[in-house]
Amino acid sequence: MSAVSDRLPAFPWDKLEPYKKTAAAHPDGIVDLSVGTPVDPVPEHIQKALIAAADSPGYPTVWGTPELRDALTRWVEHRLGGRGVTHRHVLPVVGSKELVAWLPTQLGLGPGDQVAFPRLAYPTYEVGARLARAEHVAYDDPTELDPSRLKLLWLNSPSNPTGRVLSKEELTRIVAWAREHGVLVLSDECYIELGWEADPVSVLHPDVNGGSYDGIVAVHSLSKRSNLAGYRAAFLAGDPAVLGPLLQIRKHGGMMTPAPTQAAVVAALGDDEHVRVQRERYAARRTPLRDALLAHGFRIEHSEASLYLWATRDESCWDTVAHLADRGILVAPGDFYGPAGDRFVRVALTATDERVRAAVTRLTA
């Protein structure tokens, strides 16, 4: 029973528990900025779409309804600038985390194959490689990697945790290099709607891929842009030669997005206004929180997009976690995302307006 679990690292969030208790003891309560989980309401029209589809006694399909596939293709063209996107270019998934964790296995990777991801990265990229028994390698510039055994290259722009955005020129260069060496590119673009000081670009844009989706797949999620983390709503878009076999594998595995969630996604992707409203909420939290951290002696790097501020006091990340926990504020230590983050903390914007105001008050007192 332990054969699979033994491949995995210790679950990092368990290490935060003592600091969470310290923060929770603050007289005015904890301000939890450690996890990027949405706290704002699901937009009403999306809730109504879910409710209207609640009477769904039959099994949903893995590929989704034609209406869902239409919504996905329209959004990729409208929002990302994709061209010639058909149903064969899209695939719903049950939230993006399961996709990231199980994709190397579903692609048939194993011992001797390599999976690469950024030096500072979402931990589940490594977990996915470990589950498949593949090797994992972290990079600063992926084009400096040895491509001989590299099968899967993860990009993440905007980045979790740093908020860094890869420019159109950088993406174009990386995609060209990967194609030259037969490396599949998976671009995690789940924060693409949340650019603040940069305008993130998708690998699906023709200026990046030259009008071809060969060897590239983008991952998108509705968790952050539409507050649907609890719905488990995400999708892939890109190379049909990759998505077609994945669809068959996921059919056998029963990896089906529930029918009510499918209906909710159609409603969510058909409306831009709620995304604008949510962006404004996050912007209104980001500015005072950023100013308060700077006033408290922090330096903020990157953070030009996404739902996080990547901040440092030029000390051990755990010393910073303890310092803020004493003030009732819980943040994520940077080494959760790789050894290169050991002097940074990740500060999430996902708290209520009232809790963000409390954090600002404590930082500027």
Side-chain angles (χ1 to χ4, degrees), residues 5 8-40 97 100-101 118-127 138 156 159-164 191 223-224 229-230 282 285-303 306-365:
S5 62
L8 303 178
F11 190 64
W13 294 94
D14 292 342
K15 295 170 64 177
L16 260 189
E17 281 304 313
Y19 301 93
K20 187 173 185 178
K21 290 179 181 177
T22 298
H26 190 279
D28 186 38
I30 188 174
V31 178
D32 192 344
L33 306 178
S34 66
V35 183
T37 186
V39 297
D40 299 304
K97 185 169 185 175
V100 173
R119 184 82 56 195
L120 287 163
Y122 182 47
T124 310
Y125 303 137
E126 178 181 335
V127 167
N156 181 206
S159 163
N160 174 15
T162 69
R164 181 188 174 200
Y191 296 91
S223 292
K224 308 304 194 296
Y282 285 131
R285 293 165 186 163
R286 180 180 182 272
T287 299
L289 192 55
R290 186 178 188 276
D291 290 346
L293 288 166
L294 292 172
H296 197 76
F298 280 88
R299 187 178 76 255
I300 295 174
E301 293 192 0
H302 300 302
S303 306
S306 84
L307 283 181
Y308 312 105
L309 295 168
W310 187 240
T312 181
R313 300 201 322 156
D314 293 309
E315 64 184 5
S316 162
C317 60
W318 288 100
D319 289 345
T320 306
V321 169
H323 172 80
L324 291 175
D326 287 341
R327 286 152 181 80
I329 301 169
L330 189 67
V331 297
D335 65 2
F336 278 10
Y337 309 95
D342 64 358
R343 297 180 74 81
F344 285 80
V345 293
R346 193 195 73 170
V347 184
L349 308 179
T350 49
T352 64
D353 294 344
E354 183 275 330
R355 287 289 83 188
V356 169
R357 285 194 297 268
V360 168
T361 298
R362 296 174 196 182
L363 288 168
T364 55

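Quantities reported herein were computed from a predicted structural model and do not represent experimental measurements.
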Rounded to the nearest 0.5 Å, how far does [atom2] of [Y] lie from [atom1] of [X]?
{"X": "Leu307", "Y": "Arg286", "atom1": "CG", "atom2": "CZ", "value": "10.5 Å"}
{"X": "Leu349", "Y": "Leu309", "atom1": "CG", "atom2": "CG", "value": "5.0 Å"}
{"X": "Lys224", "Y": "Thr350", "atom1": "NZ", "atom2": "OG1", "value": "8.0 Å"}
{"X": "Arg119", "Y": "Ser159", "atom1": "CZ", "atom2": "OG", "value": "13.5 Å"}
{"X": "Trp13", "Y": "Glu17", "atom1": "CH2", "atom2": "CD", "value": "11.0 Å"}

Grab the two heavy atoms, one from [X] and one from [Y], that are nearest each other, plus how far apart they are.
{"X": "Phe298", "Y": "Leu324", "result": "CZ-CD1, 4.0 Å"}
{"X": "Ala138", "Y": "Pro118", "result": "CB-O, 4.1 Å"}
{"X": "Ser223", "Y": "Pro38", "result": "O-CG, 3.2 Å"}
{"X": "Cys317", "Y": "Gly341", "result": "CB-O, 4.2 Å"}
{"X": "Tyr125", "Y": "Ala121", "result": "CD1-CB, 3.7 Å"}
{"X": "Val35", "Y": "Asp32", "result": "N-OD1, 4.1 Å"}

Original post:
Does any pair with a residue in residues 287-297 pass side chain to side chain donor-acceptor pair (under 3.5 Å), and if so which ones, sequence neighbours excluded?
Top reply: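 Qualifying pairs, neighbours excluded: His296-His323.
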Tell me, please, which residues at least two apart from [X] pass side-chain contact (heavy atoms from CB on, under 4.5 Å).
{"X": "Ala359", "answer": "Val31, Leu33, Leu289, Ile329"}
{"X": "Arg299", "answer": "Glu301, Thr312, Asp314, Phe344"}
{"X": "Ala295", "answer": "none"}

**OP:** For the residue pair Thr162 and Tyr337, establish whether any side-chain heavy-atom pair is separated by less than 4.5 Å.
**Re:**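 Contact flag for Thr162/Tyr337 side chains = no.
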**OP:** For a side chain to side chain contact (heavy atoms under 4.5 Å, CB included) with Leu293, tell me which candidate from Val345, Val347, Val331 qualifies.
**Re:**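 So, applying the side chain to side chain contact (heavy atoms under 4.5 Å, CB included) to Leu293 and each of Val345, Val347, Val331, only Val347 qualifies.
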**OP:** For Arg327 and Arg362, indicate whether the former's side chain and the latter's backbone hold a donor-acceptor pair under 3.5 Å.
**Re:**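 No: the side chain of Arg327 does not pair with the backbone of Arg362.
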Subject >> Polar side-chain atom of Ser303 near backbone of Trp310 as donor-acceptor pair, under 3.5 Å >> reply: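 Checked: pair present.
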Original post:
Excluding sequence neighbours, so at least two apart, what forms salt bridge (Lys or Arg N to Asp or Glu O under 4.0 Å) with Arg346?
Top reply: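 Testing Arg346 for salt bridge (Lys or Arg N to Asp or Glu O under 4.0 Å), a comparison that skips the adjacent residues, returns none.
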Quiz: residues 18-26 side-chain donor-acceptor pairs under 3.5 angstrom, not counting sequence neighbours:
unit_1, atom_1, unit_2, atom_2, d
Thr22, OG1, Pro18, O, 3.2
His26, ND1, Asp28, N, 3.0

